[in-house]
Amino acid sequence: MYTSILVATDGSELSHKAVTSGVDLAALTGAKLVILKVVPRYARTYFEGSIPVSMDDSARIEQQWIDDGQLVVNAYKAAALDKGVNAEAVVVQSDLVAEGIISAATKYDADLIVMASHGRKGITRLLLGSETQHVLTHSHTPVLILR
């Protein structure tokens, strides 16, 4: 059924459920699992909404975000390996989370993207948008959304 499943996490409790379900699905189908966390790039100019900092400081902050993200996906990878699932832990940098997920799905030849809904409703959803909605409407890879 599936040979490669990409599961996206932001480290939240809701995305934890998505990762757990992704691991279980990979175990059932024998698929390889790619566990992905997208981290932002550090804004480098005033116009990007940040206080200007030195390049060394911004590089240090970005590296910290990458390292923190890697800890998250490595923990999920260890849990997947314990269940006999071939898993890879990946952190990518992108200011556009949905595009980072879609690009990773293409890069890793994913047959399925598994991710959580964010749980926003009504006007909050309209104002803030939805990364999940963006992936769902722009990805050529099927998407399984968990609540």
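Linking ILVMFWY residues whenever their side-chain heavy atoms come closer than 4.5 Å, directly or via other members, places Val23 and Leu25 in the same cluster. Hydrophobic clustering places Leu36 together with Ile113 (ILVMFWY residues linked when any side-chain heavy atoms are closer than 4.5 Å, directly or through intermediates). In the hydrophobic cluster analysis, where Ile, Leu, Val, Met, Phe, Trp and Tyr join through side-chain heavy atoms closer than 4.5 angstrom, Leu112 is grouped apart from Tyr108. Tracing side-chain contacts under 4.5 Å through hydrophobic residues (I, L, V, M, F, W, Y), one reaches Ile101 starting from Val34; they form part of the same cluster. Linking Ile, Leu, Val, Met, Phe, Trp and Tyr whenever their side-chain heavy atoms come within less than 4.5 Å puts Val90 and Val97 in one cluster.
A donor-acceptor distance shorter than 3.5 angstrom exists from the side chain of Thr132 to the backbone of Ala116, with no hydrogens or angles considered. Between the Asn86 side chain and the Lys32 main chain, no donor and acceptor come within less than 3.5 Å of each other. Although no hydrogens or angles enter the test, the distance criterion places a donor-acceptor pair under 3.5 Å between the side chain of Glu131 and the main chain of Ala98.
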- Message: If you apply the rule side-chain contact (heavy atoms from CB on, under 4.5 Å), what do you find for Thr9 with Val7, and how did you get there?
- Response: CA-CA 7 Å; Thr9 183; Val7 62; over 6 Å; no
- Test Lys17 against Arg147 for side-chain contact (heavy atoms from CB on, under 4.5 Å), laying out the working first. CA-CA 8 Å; Lys17 292 178 182 179; Arg147 297 180 87 194; over 6 Å; no
- Decide side-chain contact (heavy atoms from CB on, under 4.5 Å) for Thr141 and Leu6; before the verdict, give the C-alpha distance in whole Å, the side-chain angles of both, and the deciding distance to 0.1 Å. CA-CA 10 Å; Thr141 304; Leu6 182 137; over 6 Å; no
- Query: Stepwise, does the side-chain contact (heavy atoms from CB on, under 4.5 Å) test hold for Arg41 with Trp65?
  - Reply: CA-CA 9 Å; Arg41 298 183 194 283; Trp65 289 341; over 6 Å; no
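Side-chain contact of Asp10 with Ser15: a donor-acceptor pair under 3.5 Å is present, judged by distance alone.
The heavy-atom pair separating Gly100 from Val38 by the smallest distance is C-CG2, 4.3 Å. A pairwise comparison of heavy atoms in Ala80 and Leu33 identifies CB-CD2, 4.3 Å as the closest pair. A pairwise comparison of heavy atoms in Val91 and Gly69 identifies CG2-C, 3.5 Å as the closest pair. Here the closest non-hydrogen pair linking Asp68 and Gln64 is OD1-NE2, 2.7 Å. Considering every non-hydrogen atom in both Asn74 and Ala89, the closest pair reads OD1-CB, 3.4 Å. Nearest heavy atoms, Leu14 versus Leu146: CD1-O, 4.5 Å.
Counting heavy atoms from C-beta on, the side chains of Lys83 and Asp24 come closer than 4.5 Å.
Separating the CG atom in Leu136 from the OG atom in Ser117 is a distance of 11.0 Å, to the nearest 0.5 Å. How far CG of Leu81 is from CD of Glu88: 11.0 Å, rounded to the nearest 0.5 Å.
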